[in-house]
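Here the structure is laid out as structure tokens; the discussion comes afterwards.
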Amino acid sequence: MIIAKSQKDLEKMRTVGEVIAQVRETLRAMVAPGITTLELNAAAEKMMRDAGAIPTFIGYKPHGMTPFPFAICSSVNEQIVHGFSTDKPLEEGDIVSLDMACTLDGFVGDTAMTLPVGAISDELKNLIRVTEECLDLAIAQCRVNGHVGDIGWAVQSHAEKYGYGIVRDYTGHGIGRRMHEAPQIPNYGRPGTREKIRAGYCFAIEPMLNLGTAETKTLEDGWTVVTRDGKPSAHAEHTIAVTPDGPEILTLTKEQKLALKNSRAETVAA
Ligand code: MG
């Protein structure tokens with residue numbers, strides 16, 4: 001069953017969304033050649049706890065798996081998702097995907113981004129750009145009376161233009177009091193299919209695109225998911241709420257929300 005959130009719940013989703021967005025933006029500013037993902041993880045965990053939030057990923061244990069040991073997932077280059085933090089410094093030309101979630105006042109915010117480490121190739125820049133474009137297009141489909149298949153189609157139709165591998169083994173998801181709620185939100189699909197979208201639904205939308213094959217495998221640690229052909233992968237994620245006025249991105253900082261509001265006001269004025 002998909003849980004529609006009340007206005008009171010949505011207020012809490014907005015609050016936790018701002019907290020995790022602030023963590024994301026702080027990490028964005030920290031990523032550079034020489035920093036380790038363990039350092040990024042420690043900074044993220046501290047920020048979450050300082051805000052009174054719980055790092056949702058720590059100890060997260062889906063059926064049959066070992067508890068996840070970190071506050072963030074750090075997935076470098078061919079790692080797609082669920083990468084472990086390490087003491088290996090990031091190197092110029094790498095890309096790193098950082099996925100993070102926290103729980104505050106009983107509700108979860110979940111967001112991810114892929115960042116360049118120093119200067120990267122045009123090929124990698126394009127992969128990251130198209131992944132972000134897929135996220136924007138997918139969010140635009142989160143409208144009352146739309147369907148979950150519309151979201152997947154938005155990602156698939158855009159990513160296929162570039163020949164990228166669209167990861168099918170991992171999906172976006174409903175989100176609220178629990179990180180993973182119904183429905184699953186695949187990054188492929190057909191318009192008008194699957195569940196109908198209603199006001200109050202909250203989704204974590206998260207396209208994962210590979211430079212090569214869509215096929216994945218999991219490393220010995222039981223968590224880290226990599227591309228089967230070893231080619232790089234990018235990931236972008238926001239938590240959104242479906243409102244009668246359209247999708248509302250919850251995982252933006254206060255400043256980002258204000259900037260978005262102002263840009264919309266300008267568009268209306270023009
Ligand atoms: Mg997620």
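Just so it is clear, the structure is predicted and the values come from calculations on it, not from any experiment. For ligands, and for the atoms within them, numbers begin at 1 and follow the listed sequence.
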**OP:** Indicate if the distance from the Mg ion (ligand 1) to the nearest N, O or S atom of D99 falls below 2.8 Å.
**Re:** no
**OP:** With the Mg ion (ligand 1) at the centre, find the angle made by NE2 from H173 and OE2 from E237, to 10°.
**Re:** 110°
**OP:** Please name the pair of heavy atoms, one in S85 and one in S74, separated by the smallest distance, quoted to 0.1 Å.
**Re:**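 Result for this residue pair: OG-OG, 3.3 Å.
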**OP:** Indicate, with yes or no, if the rings of F70 and F57 have centres closer together than 6.0 Å.
**Re:**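 Judged by ring-centre distance (under 6.0 Å), F70 and F57 do not meet the cut-off.
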Subject >> Proximal heteroatom of D110 relative to the Mg ion (ligand 1) (N/O/S) >> reply: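 For D110, the N, O or S atom at the smallest distance from the Mg ion (ligand 1) is OD2.
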**OP:** Could you check which N/O/S atom of E206 is closest to the Mg ion (ligand 1)?
**Re:**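 Atom name of the closest N, O or S in E206: OE2.
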Original post:
Do you know which of K161, Q156, E160 makes side-chain hydrogen bond (donor to acceptor under 3.5 Å, both in side chains) with H158?
Top reply: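 Only one option passes, and that is K161.
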Original post:
Applying the side-chain hydrogen bond (donor to acceptor under 3.5 Å, both in side chains) test to D110, which of H173, H238, H180 qualifies?
Top reply: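 Of H173, H238, H180, side-chain hydrogen bond (donor to acceptor under 3.5 Å, both in side chains) with D110 is met by H173 alone.
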